[in-house]
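First comes the structure, then the notes that go with it.
All heavy atoms count here, side chains included; hydrogens, waters and symmetry mates do not. All residue numbers in this chain count up from 1 along the given sequence.
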Amino acid sequence: MLRLSSLSISIFSVLILPTIVFADEGDMEVIEVKGRPQENYSIASPSTSIPQIDASDLLEKLPGAAVNGNGPLTGIAQYRGLYGDRVNTQINGVSLAGAGPNAMDTPLSYASLILTEGVSMTRGIAPVSAGIDTLGGSIEVIESKATLDETSGELSGQYQTNGDRGHLGGKANLGSKKQAVLLYAEKLEGNTNVTTGDGDTITPTTYEKTMAGGEYRLNLSQNDINDESIAFGYQFLETNDAGTPALPMDIDFIRTHRFKVEGEHDISNWDLNWHMAYSDAKHGMDNYSLRDKPDTTSARYNHADSNSFDSEISIAKDAWLLGLDARLSQHNSLITDPTTASFYIDNFNDVQDDVYSIFAQWQQDIGQWNWQFGSRIKNYRTDAGTINTSMASTMTAVQALVDDFNNSERSQVQTGLDLTINGQYEFNSAWTGIIGLARKQDSASYQERYLWLPMQSTGGLADGRTYVGQVDLDLETAYQLELGVDFEHNKWQFSPRAFVNRIDNYIQGTPATDPNVIAVAAMMGDDNPMQFSNVDALLYGMDVTASYQLSTRWKIDLLSSYVRGERRDIDDNLYRIAPLKVNLGLNFQQGNWIGRLEGVANAAQNKVSETQLEETTAGYAIMNISAGYDVESWTVRAGINNLFDTEYENHLAGYNRVYNSDIAVGSRMPGMGLSTWITGAYRF
């Protein structure tokens, strides 16, 4: 069970959903919310995007954001070159750990499509109030909540031809002035493997996923202002037989129960917000059910589970926002061989990954400036139980690794400090200047710290390499700068942002030097094993959004992102950095009719990590087209993705790990070919 100290239970008995302001849906796929008070958000709305099977698909519509895709349901958020645990990812203010040591159940995979109203991203340097660890930015899925004094509902569905993919979902809200109930359920299926532009089949890319849950909200206000309430929520998720061709195993099942209680209160003109959330997740994966296994490869099954707790309490008044929060998780992962009962590997055993934090944020107008200052102190506490494996009795090098790990100082305590300054200067009604400065710290993931045997349980790196961890990794320390402007006048909108991110003790794989690690990896077929290490890194680049209203019916929009990632300690590049991307759209709206023609171009990525044997990719461009009819109670949309059936490789898609496939083992995963789709929704 998850270990919760009496101190953590008493202090962190409640959690906050940070208040956000976002714009109404329009025909644009990216909506900028600017002005005062801060913050600056970009929001991608599912109602104006191509069909999604996972909330991570919406990240492609946000400036600076991208997706590391290891499978149809396994999208890992990337922002300005940083990804994984460095990116604070929340669903309605909650961040809970998944069960998979290879990030098969990513944070965004727990977002419900029928509930998702948008994916919100803090553009630039995230304020300390956005979350505990925001070195790589902050992303939040905004989901529907139980709403007082409202009765409403929605039924929706979608279908895509490539992969025979479908989604059906429904939600209903029943609310009086004093209480409300929200119920929802949805089913997603990918019945066949998808094909590429050249007609090759990507195996396996099938999946089956079910989500259901609800929320009950009680109004505590005595005057029906609805400024005080408490809510209880529950979610059930089950995923079965889902392919992850860029990883060494596929999903047999993921079964998760999540609980949440939250409240908001007005106490002597102080706004008090809190929440507590708990997750119990179980996960099974293997290398033989959905893919062909070579005769020379042993069958493997991984049983993983996690318990996770997330809480926050904050108070706000006038210019001040103060808060306490905690995020606690426990992880286990046991690898077995279904053909040999005696075989086992303790992949991770009783790993504890906890962080306690306190923050303060102040924001105020001073003349034409709006300033926001923030500070957050974090206490990281990690530990792991002793491990063993049946291989130790017959392999001296494996026994040495077992002894080294069990005798190491596995319990680690570290203190981190985040400092942020964000400023906006209003030149006039059209022009606003943006400046941001920050010093942020982040701790190693539990995989980077406690992976003791050369394996690929790396949190979804998907590079085909084997890794070992390092228990005493230092905190990553980033020094961040952002400069930009926002311009909006008449028919024009233009918002460029330039950034620099200098990171000391950046955690990345380097060639392993331990002779026992090298020997064990060689027995497993890897002559170049890696060890997670602290190095020095530099990331810099620019992202731009722009739009122009051609007429009352026609509008064009532009989204462009570029990031460069370098090692500072040696002459090399960082791994899995998104290439230059440009998304140009032409939008049509007349009455209830809407349409969009979209071009998406990615440049070649030649600046790759030689240390991790990363392959380059060529540039490409694809076209998408869609049209729809939208009235108050119902919507129908249809379109074609990859209109010209272009064959291409997505640099962030990883490498094929599946034997006897149309895609060669070790080759970059290709993108999906032409797919027609239709979506519909009925609202009441």
Side-chain angles (χ1 to χ4, degrees), residues 44-47 49-60 67 69-77 91 98-100 103-119 141 143-144 153-172 183-195 202-214 234-245 247 250-258 281-285 289-290 635-639 641 672 675-682:
S45 169
S47 66
S49 302
I50 61 178
Q52 305 87 39
I53 61 171
D54 187 73
S56 63
D57 297 337
L58 289 170
L59 296 180
E60 299 288 358
V67 181
N70 296 330
L73 303 179
T74 314
I76 298 173
I91 299 176
M104 289 182 177
D105 57 335
T106 65
L108 289 172
S109 70
Y110 285 93
S112 162
L113 294 186
I114 187 63
L115 293 185
T116 297
E117 298 177 0
V119 174
V141 179
E143 289 191 335
S144 303
E154 180 177 337
L155 298 173
S156 69
Q158 68 181 41
Y159 178 74
Q160 300 179 64
T161 56
N162 197 338
D164 189 19
R165 295 176 167 182
H167 167 253
L168 287 174
K171 63 180 178 180
L183 300 174
Y184 70 94
E186 63 186 352
K187 180 81 170 181
L188 299 91
E189 290 185 346
N191 297 302
T192 62
N193 294 315
V194 302
T195 57
I202 306 177
T203 305
T205 46
T206 56
Y207 59 86
E208 182 179 327
K209 181 177 179 180
T210 301
M211 297 182 73
Y234 167 74
Q235 179 197 72
F236 171 74
L237 176 146
E238 183 168 25
T239 300
N240 294 295
D241 298 330
T244 54
L247 298 176
D250 300 305
I251 298 169
D252 178 29
F253 74 90
I254 299 169
R255 195 169 298 116
T256 305
H257 301 272
R258 289 189 164 185
K282 292 179 172 53
H283 182 15
M285 64 209 92
S289 295
L290 299 181
T635 301
V636 174
R637 298 172 61 237
N641 296 342
M672 184 188 297
S675 180
T676 58
W677 56 267
I678 185 169
T679 68
Y682 172 69

Hey, what do you get for OG1 (Thr74) to CG (Leu108), rounding to the nearest 0.5 Å?
11.5 Å

Determine whether a donor-acceptor pair (N or O, by modelled atom type, separation under 3.5 Å) exists between the side chain of Thr676 and the backbone of Thr161.
no

Would you please name every residue forming a side chain to side chain contact (heavy atoms under 4.5 Å, CB included) with Thr210, sequence neighbours left out?
Lys187

Let's go through Asp54 and Lys209 carefully: what are the C-alpha distance in whole Å and the side-chain angles of both, what is the deciding distance for side-chain contact (heavy atoms from CB on, under 4.5 Å) to 0.1 Å, and is it a yes or a no?
CA-CA 11 Å; Asp54 187 73; Lys209 181 177 179 180; 4.2 Å; yes

Pro46 side chain reached by Leu58 side chain, heavy atoms, under 4.5 Å
yes

Hey, does the side chain of Asn193 reach the backbone of Thr203 with a donor-acceptor pair shorter than 3.5 angstrom?
no

Donor-acceptor pair between Thr256 and Lys282 side chains, under 3.5 angstrom:
no

Run the side-chain contact (heavy atoms from CB on, under 4.5 Å) check on Ile76 and Val67 step by step: do they pass?
CA-CA 6 Å; Ile76 298 173; Val67 181; 5.9 Å; no

Would you say the side chain of Thr679 lies within less than 4.5 Å of the side chain of Ser156, judging by non-hydrogen atoms?
no

Is a side-chain N or O of Asn162 found less than 3.5 angstrom from the main chain of Val194, in a donor-acceptor match?
no

Ignoring hydrogens, what is the shortest heavy-atom contact between Arg255 and Phe236? Give both atom names and the distance.
CG-CE1, 3.8 Å

Between Tyr110 and Arg258, is there a cation-pi geometry (under 6.0 Å to ring centre, at most 45° from the normal)?
yes

Asp164 side chain to Thr192 backbone, donor-acceptor under 3.5 Å
no

If you measure from CD1 on Ile254 to NE2 on His283, what distance do you get to the nearest 0.5 Å?
4.5 Å

Please work out whether the ring planes of Tyr234 and His257 are parallel, tilted or perpendicular, with thresholds of 30° and 60°.
parallel

Smallest separation among heavy atoms of Leu113 and Ala55, with atom names:
CD2-N, 4.1 Å

What's the separation between atom CE in Met285 and atom CG in Leu247, rounded to the nearest 0.5 Å?
10.0 Å

Approximate separation, where rounding is to 0.5 Å, of Ile251 CD1 and Leu290 CG:
9.0 Å

Locate the shortest heavy-atom distance separating Pro245 from Gly243; write the atom from each residue and the value.
CD-C, 3.7 Å

Can Ser112 and Gln235 be counted as having a side-chain donor-acceptor contact under 3.5 angstrom?
no

Among Gln52, Glu186, Gln158, Gln160, side-chain hydrogen bond (donor to acceptor under 3.5 Å, both in side chains) partner for His167
Glu186

Run the numbers on Leu183 and Lys171 for side-chain contact (heavy atoms from CB on, under 4.5 Å), then give the verdict.
CA-CA 6 Å; Leu183 300 174; Lys171 63 180 178 180; over 6 Å; no

Keeping the roles fixed (side chain from Asp105, backbone from Gly100), state whether a donor-acceptor pair exists under 3.5 Å.
yes

Using modelled atom types only, decide if a donor and an acceptor are shared between the side chain of Ser109 and the backbone of Thr106 within a distance under 3.5 Å.
yes

Give, for atom CD of Glu238 and atom CZ of Phe253, the distance between the pair rounded to the nearest 0.5 Å.
9.0 Å

Return the minimal non-hydrogen interatomic distance between Pro72 and Ile53, and the atom names on each side.
O-CD1, 3.3 Å

Just checking, any donor-acceptor pair under 3.5 angstrom between side chains of Tyr207 and Asp241?
no

List the steps and the verdict of side-chain contact (heavy atoms from CB on, under 4.5 Å) for Ser45 and Glu117.
CA-CA 6 Å; Ser45 169; Glu117 298 177 0; over 6 Å; no

Interatomic distance, Arg165 atom CZ to Trp677 atom CH2 [nearest 0.5 angstrom]:
14.5 Å

Between Val119 and Leu59, is there a side-chain heavy-atom distance shorter than 4.5 Å?
yes

